[in-house]
Amino acid sequence: MPKTYSHNSRNKMIDLKLLQKDFDTLSTKLARKGVDASLMQNLQTKNEELRAAKQVFEALQASQNAMSKEFGVYKREGKDVSQLKAKVDANKIEITTALDIQRERQEELEKMAMAIPNIPDDSVPDGADEEDNIEIGKILTPKEFSFTPKEHWELAEENGWIDFERGVKLATSRFSVSFGMGARLERALINFMLDFNRERGFEEVSVPALVNRAALEGTGQLPKFEDDLYKMDGQELFLIPTAEVPVTNLYQDEILVSDELPKKMTAYTSCFRKEAGAAGRDTRGMIRQHQFHKVELVAIVKPEENAKVFDEMVSCASDILTALELPHRLVNLCTGDLGFGAAHTTDIEVWLPGQNQYREISSISNTRDFQARRAKIRYKDGKKNSFVNTLNGSSLAVGRTLVAIMENNQNEDGSIDIPDVLKPYLGM
RNA sequence: GGAUCUUUGGCAGAGUUGGUCGAAUGCACCGGUCUUGAAAACCGGCGAGGGUUACACCUCCCAGAGUUCGAAUCUCUGAGGGUCCA
């Protein structure tokens with residue numbers, strides 16, 4: 001008897017029950033994220049085929065089990081089993097083929113379903129790209145300069161804070177090296193952000209920078225975005241693109257007890273991204289690097305706590321910028337700019353006077369139960385088990401915060417004022 | 001790197017002469033009795049996923065493969081953990 005195939009992976013994707021029950025609503029909603037109607041149709045068909053195959057298999061398995069039980073009785077009573085054995089043997093052959101069919105359909109279905117993005121909330125505006133994002137609000141007013149403000153790379157080089165050439169020498173393009181006050185400011189920012197987050201109730205965790213495939217599938221980076229990840233040679237290990245991956249997956253495949261929730265965590269890590277598809281964008285400076293520092297917020301919550309904690313996270317990130325006296329604005333991402341796993345996302349964009357525009361410095365995403373399904377993170381609520389909701393957001397991207405400080409706090413002579421809240425961290 | 005042991009339900013922990021084990025027991029949890037209330041005590045319930053109107057039924061005792069009519073229990077491979085040796 002071949003070992004049967006585990007069906008535990010069935011929920012590692014979109015809600016197939018919902019697909020069965022309310023195909024139209026689901027496919028309409030996903031169409032806003034560019035999921036083709038025919039793909040949804042295929043998915044539904046495949047799901048029905050799988051269900052049919054399972055029924056066949058399970059019926060055969062049931063009779064197999066019954067006959068085996070009978071076999072034991074025969075043996076005990078000393079009866080002849082040769083006829084029964086012939087029946088069982090015949091049934092076994094059928095089972096093997098039924099199992100193969102089922103397994104094949106299971107794999108096809110999973111492959112399709114794992115590539116389907118999260119369902120966008122109704123509150124997410126339609127749109128193609130960042131141009132269609134909706135501004136929610138502005139915090140602090142950009143100050144007027146009596147001179148033309150420089151861009152950060154000029155300031156960074158003038159002050160000797162960042163060396164872009166030597167980063168390239170050590171690694172390749174899109175790597176940089178920080179020196180002196182540049183390096184110290186990065187460290188100060190990391191400590192400041194972690195302390196700030198901790199005071200807001202987020203427990204600090206320190207996590208691996210390498211994770212396995214299961215973790216990346218859990219949070220949705222895999223299987224679809226393997227090209228964006230650095231992979232270890234000959235091993236199923238990847239450099240993390242964000243701390244969201246290890247921190248969220250801390251509770252992968254666990255059933256949490258209700259009063260452990262919400263779990264609010266913060267972690268500092270380096271992040272590694274290939275930036276495939278970003279060729280030519282932000283090639284100068286440290287806006288878009290292959291390796292960057294980031295302090296992340298992650299929350300694992302019950303569905304009813306979701307909105308409250310999400311707001312806390314947005315406030316936390318925004319308030320850090322306010323504490324640093326950096327003008328910024330909040331933006332509601334449109335469908336076209338929304339990430340794979342997000343139901344809705346609020347971006348925080350910081351004002352960069354050198355570039356004369358707002359640029360993303362934080363992204364706070366609500367994945368609802370999308371990651372929880374894939375990573376199998378559940379909680380016990382009274383008698384029944386339910387999927388948790390997961391939230392994540394940067395607070396903040398360190399390099400970009402440094403960029404913002406340089407551009408906003410620059411003086412005509414090229415010197416840069418240090419924000420007051422960072423001074424204790426610099427022994428000033 | 002070599003040897004050896006180990007991997008069970010939310011947790012701890014029984015269960016290897018293969019069949020009535022999806023799995024004792026304790027804790028935790030849920031419901032109840034008692035109590036002004038709580039605790040304690042007592043009674044009852046209680047692994048997960050799929051499936052069904054509800055049953056039935058199927059799967060899961062680290063993962064994969066195998067032996068067998070039948071595997072948590074036997075064999076092989078891999079992964080994690082412990083101990084000893086290097």
Side-chain angles (χ1 to χ4, degrees), chain A residues 1-21 44 46-107 109-110 113-114 208 210-218 232 234-238 246 249-263 300 302 369 372-388:
Chain A
M1 185 69 241
K3 271 262 167 87
T4 42
Y5 193 62
S6 162
H7 304 293
N8 290 346
S9 55
R10 244 199 129 208
N11 263 310
K12 271 178 63 179
M13 40 181 144
I14 64 157
D15 190 346
L16 290 173
K17 272 189 192 159
L18 191 62
L19 180 79
Q20 245 176 292
K21 244 188 259 165
Q44 192 185 33
K46 192 57 70 183
N47 191 31
E48 288 309 318
E49 285 177 6
L50 174 62
R51 285 165 56 81
K54 275 183 76 168
Q55 277 177 20
V56 171
F57 169 75
E58 285 181 7
L60 289 167
Q61 185 72 299
S63 61
Q64 176 80 7
N65 290 343
M67 284 190 276
S68 289
K69 217 169 243 177
E70 209 178 337
F71 203 102
V73 176
Y74 274 40
K75 276 281 191 189
R76 208 172 318 130
E77 294 174 354
K79 289 207 255 183
D80 176 42
V81 294
S82 57
Q83 260 196 333
L84 183 58
K85 181 160 162 40
K87 258 167 75 181
V88 163
D89 285 344
N91 194 58
K92 233 164 102 173
I93 294 165
E94 285 189 70
I95 286 189
T96 308
T97 50
L99 179 62
D100 283 346
I101 292 169
Q102 183 195 311
R103 186 178 298 199
E104 191 185 317
R105 293 184 180 173
Q106 168 83 30
E107 277 164 11
L109 178 71
E110 197 165 305
M114 287 289 277
L210 286 167
V211 293
N212 56 32
R213 184 170 288 274
L216 286 154
E217 283 179 351
M232 294 298 107
Q235 279 191 82
E236 285 288 287
L237 284 176
F238 303 80
N249 279 288
L250 285 171
Y251 300 100
Q252 178 198 108
D253 208 9
E254 292 193 27
I255 301 176
L256 302 164
V257 294
S258 182
D259 47 313
E260 289 180 83
L261 299 175
K263 280 189 182 293
I300 297 183
K302 299 182 217 177
D369 66 358
R373 277 175 192 287
R374 295 170 75 109
K376 281 174 63 186
I377 309 174
R378 290 162 293 170
Y379 73 105
K380 195 171 278 296
D381 191 12
K383 280 206 157 185
K384 66 177 196 297
N385 298 324
S386 316
F387 288 112
V388 298

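Chain A is the first sequence line, chain B the second, and so forth, proteins listed ahead of strands; every chain is numbered from 1.
Rounded to the nearest Å, the gap between the P atom of B/G49 and that of B/C42 is 31 Å. Going from the C1' atom of B/A56 to that of B/A65 covers 32 Å, rounded to whole Å. Of the P atoms belonging to B/G19 and B/A72, the separation is 10 Å, rounded to the nearest Å. Remark: the separation of the C1' atoms in B/C55 and B/C43 is 28 Å, to the nearest Å. Here the separation of B/U73 from B/C60, taken at their P atoms, is 11 Å to the nearest Å. Remark: the separation of the C1' atoms in B/A86 and B/G70 is 45 Å, to the nearest Å.
The salt bridge (Lys or Arg N to Asp or Glu O under 4.0 Å) search around A/Lys302 returns none, not counting sequence neighbours. By the salt bridge (Lys or Arg N to Asp or Glu O under 4.0 Å) test, A/Asp253 pairs with A/Lys376, sequence neighbours left out.
OP1 or OP2 of B/G51 sits under 4.0 Å from a side-chain N or O of A/Arg51.
When the C1' atom of B/C62 is taken as reference, atom CD of A/Gln252 falls 13 Å away, rounded to whole Å. Atom pair A/Tyr74:OH and B/U68:P shows a separation of 22 Å (rounding to whole Å applied).
Pair check for B/A86 finds none; no Watson-Crick or G-U wobble contact set falls under 3.5 Å.
Of the candidate nucleotides B/U52, B/A65, B/C69, B/C69 has the atom lying nearest to any side-chain atom of A/Lys92.
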